[in-house]
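Along the sequence shown, residues are numbered consecutively beginning with 1.
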Amino acid sequence: MGIRYAGDSYNRAAGTRAAFAALSADLEREGLPAIFVNDGDREVQDEIDVFLARYRPQATGVGPFNDVRTWNGVRYVRYSPLGTVAVPGTGNHGKRRANDLGFPYSSDTAPHRRAQVLAKRHNITCEGMGFREWWHWTFWGPLGAIGAPAGGATASAAPAVPKPEFEEDAMKDFLLLKVLVPGGFRRYIIDPRSEGKREISQIKYDLYKNGGMATVPGDQPPNYAEEFPNKIPLS
C-alpha cells in the first residue's frame, strides 16, 4: 500500500519523503498499518496563520496555559486550548522535516511504540512526545533536494477508517475538553477547523480518549468552552 498523504499535505524534501516512506515500508513488513500523513510541510504563511490563531500579543502575564512566545520582538501568550505551535520560521514543519501522522501513530498504542523503535533506522523520532503531541514525527537527516510536492494529488488518499463518529485522520484534529461548572463537569468535543463544539457524555468522552483523541490538560473553567460556538452537527 505504501505511505499515503491526506488532502493537500506534502513533503518537498527528498530526504524527509524517502525516510518516512522507508519507515512505512518497515511497518508494513511487520504487519502494521502504512503511515498516513495528516500534515507535512508548512509554508511561511501557513505557520503565521496557525500561530496568530492561537496566540495573542500581551505585554504581561502567562495566560491560561503558561505558554509565552516572542515573535518579531513582540510578546505573545497562548489562549487557544488546541495546543502549542512553533514561532513562525522555527518549527520543523516549516523546515520540511516533520509530519503529523494519523492513527495508530498518533497516540500511545502498540504500533506507535514499535514505530519508535523502527524509526531510529531512518533518523526519525517522535519529537512530539516531548510536548504532548504523539502524532508529530521528525526526520533529522539530510534534507536532500527540495522539489515538487510529493503527496496530496500525487498520492492516494487514505480510506475512511471510522473511530467513534469520526474518521481516523480526524483523530489529531478533534480535541476533548472538560470544563468545571457548578455541581460537576461538562464535556465537549471540539473541531478546530470550524471552531465548533458539541457537548458529549462521560461515556463518549472516555471512548474518544481511549481511542487516542487529544485532551486539553486539566479541568478548564467554563469560559474556555464558550470560545467555541456550537456548530458541530448533532448527528
Visitor: Is it true that Leu143 and Phe20 fall in one hydrophobic cluster, defined by side-chain heavy atoms closer than 4.5 Å?
Guide: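 No, it is not one cluster - the side chains of Leu143 and Phe20 are not joined through contacts under 4.5 Å.
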
Visitor: Applying salt bridge (Lys or Arg N to Asp or Glu O under 4.0 Å) as the test, list every pair that has at least one member in residues 75-85; sequence neighbours left out.
Guide: Asp67-Arg78

Visitor: Please walk me through it: do Arg42 and Asp100 pass salt bridge (charged side-chain N to carboxylate O under 4.0 Å, His left out)?
Guide: CA-CA 11 Å; Arg42 291 179 190 164; Asp100 290 347; 3.5 Å; yes

Visitor: If hydrophobic residues (ILVMFWY) are linked whenever their side-chain heavy atoms come closer than 4.5 Å, directly or via other members, who joins Phe131 in its cluster?
Guide: none

Visitor: Which other residues end up in the same hydrophobic cluster as Val74, if Ile, Leu, Val, Met, Phe, Trp and Tyr are linked when side-chain heavy atoms come under 4.5 Å apart?
Guide: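 ILVMFWY cluster around Val74 also holds Val44, Ile48, Val50, Phe51, Leu52, Tyr55, Trp71, Tyr76, Val85, Val87.
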
Visitor: Let's go through Thr84 and Arg54 carefully: what are the C-alpha distance in whole Å and the side-chain angles of both, what is the deciding distance for side-chain hydrogen bond (donor to acceptor under 3.5 Å, both in side chains) to 0.1 Å, and is it a yes or a no?
Guide: CA-CA 8 Å; Thr84 187; Arg54 301 190 186 188; over 6 Å; no

Visitor: Report yes if some heavy atom in the side chain of Gln58 is under 4.5 Å from a heavy atom in the side chain of Tyr79; otherwise report no.
Guide: yes

Visitor: Would you check, one step at a time, whether the test side-chain hydrogen bond (donor to acceptor under 3.5 Å, both in side chains) holds for Thr125 with Trp140?
Guide: CA-CA 8 Å; Thr125 66; Trp140 301 102; 2.8 Å; yes

Visitor: Can you tell me how far CG of Leu101 sits from CG of Leu23, rounded to the nearest 0.5 angstrom?
Guide: 8.0 Å

Visitor: Cut-off 3.5 Å, side chains only: do Trp135 and Ser107 have a donor facing an acceptor?
Guide: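 Their side chains do not contain a donor-acceptor pair, so the 3.5 Å distance test is not met.
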
Visitor: Looking at every non-hydrogen atom in both residues, tell me the closest pair between Gly91 and Ala86 and how far apart they are.
Guide: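 Of all heavy-atom pairs spanning Gly91 and Ala86, the closest is CA-CB, 3.5 Å.
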
Visitor: So which atom in Pro88 and which in Glu47 form the shortest heavy-atom distance, rounded to 0.1 Å?
Guide: CG-O, 3.9 Å

Visitor: Between Ser80 and Ala53, what is the shortest heavy-atom contact and its length?
Guide: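 Looks like CB-O, 4.3 Å.
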
Visitor: How far apart are the C-alpha atoms of Glu199 and Arg186, what are their side-chain angles, what is the distance that settles it, and do they pass the salt bridge (charged side-chain N to carboxylate O under 4.0 Å, His left out) test?
Guide: CA-CA 7 Å; Glu199 188 170 1; Arg186 301 187 77 166; 2.5 Å; yes

Visitor: Find the distance between NZ (Lys95) and OG1 (Thr16) and round it off to the nearest 0.5 Å.
Guide: 12.5 Å

Visitor: According to side chain to side chain contact (heavy atoms under 4.5 Å, CB included), who are the partners of Glu43, at least two apart in sequence or on a separate chain?
Guide: Tyr10, Arg12, Asp41, Asp46, Arg96

Visitor: Between His122 and Ala19, what is the shortest heavy-atom contact and its length?
Guide: O-CB, 3.8 Å

Visitor: To the nearest 0.5 Å, what is the distance between CH2 on Trp137 and OG on Ser106?
Guide: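 Interatomic distance, Trp137 CH2 to Ser106 OG, rounded to 0.5 Å: 10.0 Å.
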
Visitor: Which residues, ordered by chain and number, are linked to Trp134 in its hydrophobic cluster, where ILVMFWY side chains connect at heavy-atom gaps below 4.5 Å, directly or through other members?
Guide: Met129

Visitor: Please determine whether a side-chain nitrogen of the Lys or Arg among Arg114 and Glu30 lies less than 4.0 Å from a carboxylate oxygen of the Asp or Glu.
Guide: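 Yes.
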
Visitor: How would you list, by chain and number, every residue that makes a side chain to side chain contact (heavy atoms under 4.5 Å, CB included) with Pro111, sequence neighbours excluded?
Guide: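 Pro111: side chain to side chain contact (heavy atoms under 4.5 Å, CB included) contacts with Leu32, Pro104, Tyr105, Thr109.
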
Visitor: Using side-chain hydrogen bond (donor to acceptor under 3.5 Å, both in side chains) as the criterion, list what pairs up with Glu127, not counting sequence neighbours.
Guide: Asn92, His136, Thr138

Visitor: Which residues satisfy the side-chain hydrogen bond (donor to acceptor under 3.5 Å, both in side chains) test with Asp108, sequence neighbours excluded?
Guide: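 Residues passing side-chain hydrogen bond (donor to acceptor under 3.5 Å, both in side chains) with Asp108: Arg113.
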
Visitor: To the nearest 0.5 Å, what is the distance between CD1 (Ile35) and CD1 (Ile3)?
Guide: 5.0 Å

Visitor: If only side-chain N and O atoms count, and only distance matters, is there a donor-acceptor pair under 3.5 Å linking Asn99 with Asn11?
Guide: yes

Visitor: What residues, two or more places apart in sequence or in another chain, satisfy side-chain hydrogen bond (donor to acceptor under 3.5 Å, both in side chains) together with Arg97?
Guide: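 Arg97 satisfies side-chain hydrogen bond (donor to acceptor under 3.5 Å, both in side chains) with no residue once adjacent residues are dropped.
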
Visitor: Under the side-chain hydrogen bond (donor to acceptor under 3.5 Å, both in side chains) test, which residues partner Gln116, sequence neighbours left out?
Guide: His112

Visitor: My understanding is that only residues two or more places apart in sequence, or in another chain, count here; which of them pass side chain to side chain contact (heavy atoms under 4.5 Å, CB included) with Ser201?
Guide: Ile203, Lys204

